[in-house]
Structure formats: C-alpha cells, structure tokens
Amino acid sequence: AGAAFMSNFEVQATIEDSGSEKNYSNYKICENLVKALNPVTVTDIAEVQAQTEEGVKYTIEGIVTSNASGYDKDTAFFDCIYLQDGTAGINAFPVAGSFKIGDKVRITGTTSSYQGERQISVETIELVSEGHTVEARAITAAELNDGSVLGSLVTLSGTVESFELANGLVQTIMVRDAEGNVGRVFIDGYITTGYDVEKLAVGAEITVTGLASYDDSFDGPAPRIRVRDRKDVVCKTAMKFTDVPEGSWYYNPVLWALENKVTEGISDTKFGSGIECNRAQAVTFLWAAAGKPEPTVTEHPFVDVPKGSFCEKAVLWAVEKGITAGTDETHFSPLATCNRATIVTFLYKAFGSPDVIAAENPFADVPAQSWYTVPVLWAVENGITDGTDENHFAPGLICNRAQMVTFLYSAYNKN
C-alpha cells in the first residue's frame, strides 16, 4: 500500500501558523527531516569572541548570566542578555522575553559590535533548560583590561580609588586591586534605582560581581565590569588607624565604628585606643551610634557645656532621652572620666531601660541594689559583657576609647 505523504496539502503549514496548527500538518516532520539532513553546529562562544569579521553566522548555547527585561527590568541591561558556556561569555542583542539568570539558551545569529564590544546579533533564541548555575570567576584588573574575560561573569576585589555619581546614584567606580592595577566598574542608570551602593568611600575595601564588558565611548578605560544589581557591589571600610592592630580584641569594634560613622578617631591615622574616655566623649559615642538624631530640646542646664561645642547636641539628646541628668543641677562634667558602671548605665538607658529577665548576679563586686545593678545584669543578659573575669565586673575601672566602642559594638550587634 502507499499514500501521498509529501504533497502540498499535507505540508501546508507556514512558519507564522500557531503550534497547534502545525501539529495538524506534517510541518514538524519536515522540519525534523531538514534538521536531520542538515544538523545545526553549536560553536564555542570563545570562537565567536575571536571572530574579527562582522556578519559571520553562528549558533551558540550557554547559560544566561543577566536577566532579560521581560523577567526583571530592574536588573536587566537594555534589550540584551549575557550568556556563557565553558569557554567564554558574550553579549546577545536584541533579546526580549522572560529569559533569566540560570536559563540555558540556544541562539543563532551573526557577529557584530557595539561600542567596541563583540556581541552576537540574535536571529533566533530558544530556551533549552532552566535552573543552571554559573560561578563568577575571580579576576585581576589586568585580566579585565586585557579583554581575556570579555562577556564572562567575574568578580574583582580591591580598594576604591575614586567614584562618580550620575543623577544622584553611583555610576562609575575605579577599583585598585592587590597588584596595583585599576579596573573600572560601571552601573547603568536604570539598574536597581530603588537603592544605591552602601558604604562606598575612597579607600574602602570593595568586591564587585558583574559582566566583563567594553565601552570605547567612555572618556577613560574602555574595559569595565557591568553591574546587574547594586547589591553586587559590596564595600567594607578599610582600617585607617595605625594604632588598631589587626587581630586585636577591639579591631572589629573600631572598624564597625568607622563604618557607621560613630568616630573618626583623634587624627587621620590614630584612634587613641588607650585614651581614657570622658563623659563628653561617651555621650557623643552613644549619640553617633544612634544615628546622630536631632534633639528636640534646644536648651540644657549645664554651664560647663558651651554653645557650639562638639558634644552639645549629644548632651541635649542624652538629657532628652533620660540617659543622664549631669553630675549636679548645673554641671555635666564633660571632662570627668567614665568608669565601666557609668558606661553600661548610659548604654542601658540609651536602649530605653528595657526589662531584665536575669535573676542571678554573677559578680561579687556588683551590689544587689546599686544604681548600676540592673544595667549590668541587662548587659550580661544580652551578651554585651562577661565582666573582667567570671566573678568580677570591675565597676570602678575607667574605660578607654577601645573599651567604649567595644561596649557599643556588642550592644548593637548582639542586643
């Protein structure tokens, strides 16, 4: 027996027809026959990157490393995605739809360039599978600048050399790596505009994850890391004080104080760790740690706190919050040193004098009914202090600046 199989009637579907219409014809069978007779060759992306001629046609497969605008416009580059395989990465343009990070796609298109960056001009794109992971490759600034990782997901670490804003948001950051070379970081103005890079400052330690890209229209180095999300730029304040050794018990507290603008030290390079902390400094530390709120009161009763002094607003705030009433009705005694009992009491009141659950007092030198008993128990209960040893708190011991910021650091990070 026989039948007419390849007549015009049986293969009457067109490319524009819907999938259901094609399924009622032999279109799919013919399409599969053509693919079998002329199979598609998938080319490594590295070969496409190396192609110097424009308009050369390729089919590539890779894992998507930047979202398309149809999936999430806040983290998508304009009309394009990046993808990479085991050999390299590349920009694909134009791409719409809902392709997302982790999708595996197949693209057929031709080589082209935009602002000096090699890309593939997309003719067709199809989803192959989902749920893949691409780990960012740690690179140096030299690798970024020589183009060897162009199109790939990368991470660069170093210190902030300089940065520039555009329309109130960070746009360009120059990062100096451990080898002394500088790489450029770029954030398109439409990327995650609801928030900005945190803790960015010249000299800060920085780690950036993004796509190795190229833009020769920039008045500066063309190679760049193109950021997908401002949260992918992580900054950490660098320790600038030479008298705070790395590994010391107060290193992290002082670094925290720098990051949160609790202190700038006694000079550009000195923190003054061992200097005894006086009452003016103590309330200023507390006020700064609270975010330097503007006090609602404008007058205080203290004749020894001059108008315009560095601690005036802190003292006004401390009086308003009930942290201190001074040493008498008209004196604050700003230069009087603070012992551990005073500091813990100030801190307890700054946190609103919360209820204390702990019933047992572990310290032989903290009386059951002293003015600082409850604050000390609160500090123990919240992991702010363990005392100077198992049985002693040393309430009368004068606090230095290192101990003061350590109390604050513990309260804000453990309470």
Side-chain angles (χ1 to χ4, degrees), residues 34-35 37-71 75-140 142-156 183-184 186 188 209-218 221-228:
V34 170
K35 288 180 179 178
L37 294 169
N38 185 27
V40 172
T41 300
V42 176
T43 303
D44 288 344
I45 294 176
E47 185 176 331
V48 182
Q49 280 283 16
Q51 175 60 256
T52 58
E53 295 185 15
E54 305 284 36
V56 180
K57 193 168 186 175
Y58 291 100
T59 295
I60 59 174
E61 285 187 358
I63 311 303
V64 176
T65 52
S66 68
N67 293 323
S69 57
Y71 178 76
T75 58
F77 304 127
F78 180 73
D79 273 1
C80 71
I81 60 171
Y82 283 77
L83 67 154
Q84 69 185 70
D85 59 15
T87 66
I90 198 167
N91 186 319
F93 174 90
V95 175
S98 57
F99 300 102
K100 62 187 180 298
I101 294 170
D103 286 349
K104 184 176 183 179
V105 296
R106 173 179 285 191
I107 292 175
T108 297
T110 56
T111 53
S112 65
S113 298
Y114 179 70
Q115 295 178 337
E117 179 174 350
R118 166 58 76 231
Q119 63 183 21
I120 186 164
S121 291
V122 178
E123 294 179 0
T124 63
I125 178 171
E126 60 180 296
L127 178 66
V128 177
S129 55
E130 300 176 85
H132 302 274
T133 301
V134 174
E135 295 293 334
R137 174 183 168 183
I139 62 165
T140 64
E143 289 174 301
L144 173 67
N145 295 333
D146 68 18
S148 60
V149 292
L150 184 64
S152 294
L153 185 66
V154 297
T155 296
L156 176 66
R184 178 165 72 100
F186 178 76
D188 290 283
T209 298
L211 284 307
S213 176
Y214 194 89
D215 175 13
D216 58 12
S217 69
F218 179 71
R224 63 184 183 172
I225 292 179
R226 200 175 181 189
V227 174
R228 306 168 297 178

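All residue numbers refer to positions in the sequence shown, counting from 1.
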Between Thr155 and Ala136, which heavy-atom pair has the shortest distance, and what is it?
OG1-CB, 3.4 Å
Side chain to side chain contact (heavy atoms under 4.5 Å, CB included) between Thr111 and Glu53: does it pass, once the steps are laid out?
CA-CA 7 Å; Thr111 53; Glu53 295 185 15; 5.6 Å; no
Atom of Thr43, atom of Tyr58 and distance for their closest heavy-atom approach
OG1-CD2, 3.6 Å
Is a side-chain donor or acceptor of Thr140 paired with a backbone partner of Glu143 at a separation under 3.5 angstrom?
yes
Could you give the distance from CZ (Arg184) to CG (Asn145), rounded to the nearest 0.5 Å?
10.0 Å
Arg228 versus Thr75, side-chain donor and acceptor atoms under 3.5 Å
no
If you round to the nearest 0.5 Å, how far is CD1 of Ile45 from CD1 of Ile90?
6.5 Å
Heavy atoms of Val95 and Ala68 approach each other most closely as CG1-CB, 4.5 Å
Backbone of Gln51 reached by a side-chain donor or acceptor of Arg118 within 3.5 Å
yes
From Arg226 atom CZ to Cys80 atom SG, the distance as rounded to the nearest 0.5 Å
5.0 Å
Report yes or no: is the cationic atom of Arg224 (NZ for Lys, CZ for Arg) under 6.0 Å from the centre of the six-membered ring of Phe218, at an angle within 45° of the ring normal?
no
Measuring from atom CD of Gln49 to atom CG of Leu150, what distance do you get when rounded to the nearest 0.5 angstrom?
4.5 Å
Output for pair (Tyr214 OH, Leu144 CG), nearest 0.5 Å, gives 11.0 Å
How close do Gly89 and Ser152 get, counting heavy atoms only, and between which atoms?
N-OG, 3.3 Å
Chi angles and distances behind the side chain to side chain contact (heavy atoms under 4.5 Å, CB included) call for Phe99, Val105
CA-CA 8 Å; Phe99 300 102; Val105 296; 3.7 Å; yes
Side-chain donor-acceptor pair present, Glu54, Ser112, cut-off under 3.5 Å
no
Between Phe186 and Asp215, is the side chain to side chain contact (heavy atoms under 4.5 Å, CB included) condition met? List the steps.
CA-CA 10 Å; Phe186 178 76; Asp215 175 13; 5.7 Å; no
Listed once per pair and sorted, the side chain to side chain donor-acceptor pair (under 3.5 Å) pairs that draw on residues 83-100, sequence neighbours left out:
Tyr82-Asn91, Asp85-Thr87, Lys100-Asp103, Lys100-Glu130
Which pair of non-hydrogen atoms, one from Thr59 and one from Arg106, has the smallest distance, and what is that distance?
CG2-CG, 3.7 Å
Side chain to side chain donor-acceptor pair (under 3.5 Å) involving Tyr71 - partner list, sequence neighbours excluded
none
Measuring from atom OG1 of Thr65 to atom CD1 of Ile101, what distance do you get when rounded to the nearest 0.5 angstrom?
7.0 Å
Note: Ile225 and Thr209 closest approach over all heavy atoms is CG2-C, 4.4 Å
